[in-house]
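What follows is one structure encoded as structure tokens, with my remarks underneath.
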Amino acid sequence: MTNKTLALIVSTSLAAALQNVCAGDITGTITLKGTPPKERDITPLKDDANCGKFHSTMPTTHFYVVGPNQELADVIVSVQGMSGKSTGASAPGVALNQQGCEYKPQILAVQTGEKITIKNSDPVLHNVHAVPKADGNKEMNAPQLPGSGDLTVSFDKPEPFLKFQCDVHPWMFAWVSVFDHPYFAVSARDGTFKIANVPPGKYTIQAAHRKAGVVTQQVEVKEGAPAKVDFTLEAK
Amino acid sequence: MSNVRSSPWFHRFALLTAAATLALLSVGGLVTSHGAGMAVPDWPNTYGYNMFFFPTSQWLGGIFYEHTHRLAASAVGFLTTILALWLFGRSARPFMRRAGLVLFAIGAATALATPRHWTDGAVLGVTGVALLAAGFVWPRCEPAAKWMRYLGGAALLGVILQGMLGGLRVVLKEDQLGILHAVLGQLFFTLLCAIALFTSRWWQRSGAGINLSPAGLPGLRAVWLMGAGAWLLILLQLGIGAAMRHQHAGLALSDFPLAHGKLWPATDPASVEMYNQQRKEILSVNPITAFQIVLQMVHRMVAVAILGAVAAYAWFTRRILGGRHPASRAAWVWLALVLTQGALGAATIWSDKAADVATAHVVVGALLLATGALVCIVNYRELALARAALLPARPASDWTQAPFGPQPAGAGRFPGT
């Protein structure tokens, strides 16, 4: 290794470390205002000769996953105006599982170039059909037999709520938001989220839910200090 | 020597092929209604298997609909091939023998050269042997008239093109090809119905004479134009309906007779976003767009126009040709189908696009298109025969007569023989 290369690695690492030291986390909670509509029974799933066996009760949709104090899960929270900073190639990746003839989780987020590992935990065949809309993201339609190896896919362009579906079982779908930066999070079941290591600055933060819509707020991240921003979305 | 005309079996076979095609359209409708068009991701194979060897244990969920559709399409292709060859009578024999030998050779070579694909070779080889054997026992009848042979050839080309469109729609993942596939499928069905009409005894007998109505040529021309206009509206409606279904967005309008609670729904971005948010879809459908909302409104308006056009046509035809004329009777059948189709369209929305209801809407649509085409053909022949009777300088074309009349020497050769 030459001295030049060594110097480059050291300086890059230092810069990254310095950025992390200066960077702050954005945390907050998402709350739902109003009463969400009743979830629908997925009767085709229960009626299916193979998949119905995996459910002892009637499976339902999961449009609004709401906690006892109106905490809202499955909201994609992201920092706006951060394009072109993807670290997806070196990111750990995310998993999308097919279990009980349902995609789990149904909402997730990744960076461009980040690997999505698709598993089939069911003893039945699924076909994994990703249907992107953004130019540059390739459609994928691949069979996945029970017990077969995982499939992997990644997307090159940012796209909100990119749909995954299974055409063998048309009630199965998941939504993946793709960002070209690492500054995003998906709210947990208790409605909380955390976007880590955001560089200092003033930002617009967006909270997007497939059914409750999109809201934004301004927030300032100061050097090394956490910032907090809570969102309230209205049930539609 | 006998000709095809002397055998009512050809007409029955044409009816069988048309009926099989209607069944195929039903299965195709179920494929789209169940969102199963991409359930088998490869073509012409099925999950790597030759489609005829795909294990029945794997016919699950959406695969069942898509794979059944492919098998039914193969059956219709087989029937259409027989139909087209039959129209060439004895002159098809040499072609069948040669084509059978070629297919057998290709099948054997495939099986020997690529043992992993022996099933593909077996299917080709068996098809070749069957064609070769049929070439020895094929009916020795006279070929049909040239225009009938053209129709048979068009049907054969149509079924091949239709199969390729369906396959390419899967392989290329192009929804637009699905729209073409849907429209061409119904036009192909209409063509088979026309062949069945031309080979019917009724067509061959009723072309012998013409009873001019008091309205004369202008009246007949008006009947033909009104029918053709209504049929074109139905064709337009088919294109709109196919475009709606093959965007896989479910119902762009969830209520009827209103549209999102209004006479004309809002289509601004905020309203469309709200419609999508309020939708609680069970099946995997795409979000709706303003374009799809407008398209569905146009579909409703064209439906009203079709009802008006066919009702006016039925009333006018009865006035011009009399209530006992076959065209008048057919007009009432046509109108009844329009009303049924309207009811099914409403039921499709009220049932939240239940697969069986939506598919019935597709099937009755196909019957509407075919019935309209047959009505127009009959009307046009009436007009042509009347012109020939009144204007001897303009004799009617031979298509107005029986399609299996005497042939000039050397006519009806199979291409390449």
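Every chain is numbered from 1 and lettered A, B, ... according to where its sequence line falls, protein lines coming before strand lines. Side chains are part of it too, since the values below use all heavy atoms of this structure and drop only hydrogens, waters and symmetry mates.
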When B:Glu281, B:Glu273, B:Met274, B:His34 are compared by non-hydrogen pairs under 4.5 Å with chain A, the top option: B:Glu281
With a 3.5 Å distance limit and no angle check, can you tell me whether A:Arg210 reaches the backbone of B:Gln277 through a side-chain donor-acceptor pair? no
Closest heavy-atom pair, B:Leu283 versus A:Pro44, reported as atoms and distance to 0.1 Å, is CD2-CG, 4.3 Å
Sort B:Val170 into side chain, backbone, both or neither according to what part of it lies under 4.5 angstrom from a heavy atom of chain A. neither
Checked A:His169, A:Gln165, A:Lys163, A:His126 vs chain B; the most non-hydrogen pairs under 4.5 Å come from A:Lys163
Identify which part of A:Tyr64 has an atom lying under 4.5 Å from any heavy atom of chain B, answering side chain, backbone, both or neither. side chain
Check each atom of B:Asn276 against the heavy atoms of chain A and say whether the ones under 4.5 Å are side chain, backbone, both or neither. backbone
With a sphere of 6.0 Å drawn around CG of A:Asp135, does it hold more than 12 non-hydrogen atoms of other residues, nucleotides or ligands? no
Using only atom types and a distance under 3.5 Å, with no angle test, would you say the side chain of B:Lys280 pairs donor to acceptor with the backbone of A:Lys38? no
I'd like to know which of B:Ala36, B:Gly61, B:Ala39 tops the heavy-atom pair count under 4.5 Å against chain A. B:Ala39
With heavy-atom distances below 4.5 Å as the criterion, would you say the side chains of A:Asp167 and B:Val40 are in contact? no
If you take all heavy atoms of A:Asn127 and B:Tyr47, which pair is closest and at what distance? CB-OH, 4.0 Å
Taking atom types as modelled, find out whether B:Lys173 and A:Asn141 have a side-chain donor-acceptor pair closer than 3.5 angstrom. no
At what distance, to the nearest 0.5 angstrom, does CD1 of B:Ile282 lie from CZ of A:Phe173? 8.5 Å
Residues 227-236 of chain A vs chain B, non-hydrogen distance cutoff under 4.5 Å, contacting residues -> A:Lys236
Among the listed options B:Gly37, B:Gly35, B:Pro287, the residue most often paired with chain A at heavy-atom distances under 4.5 Å: B:Gly35
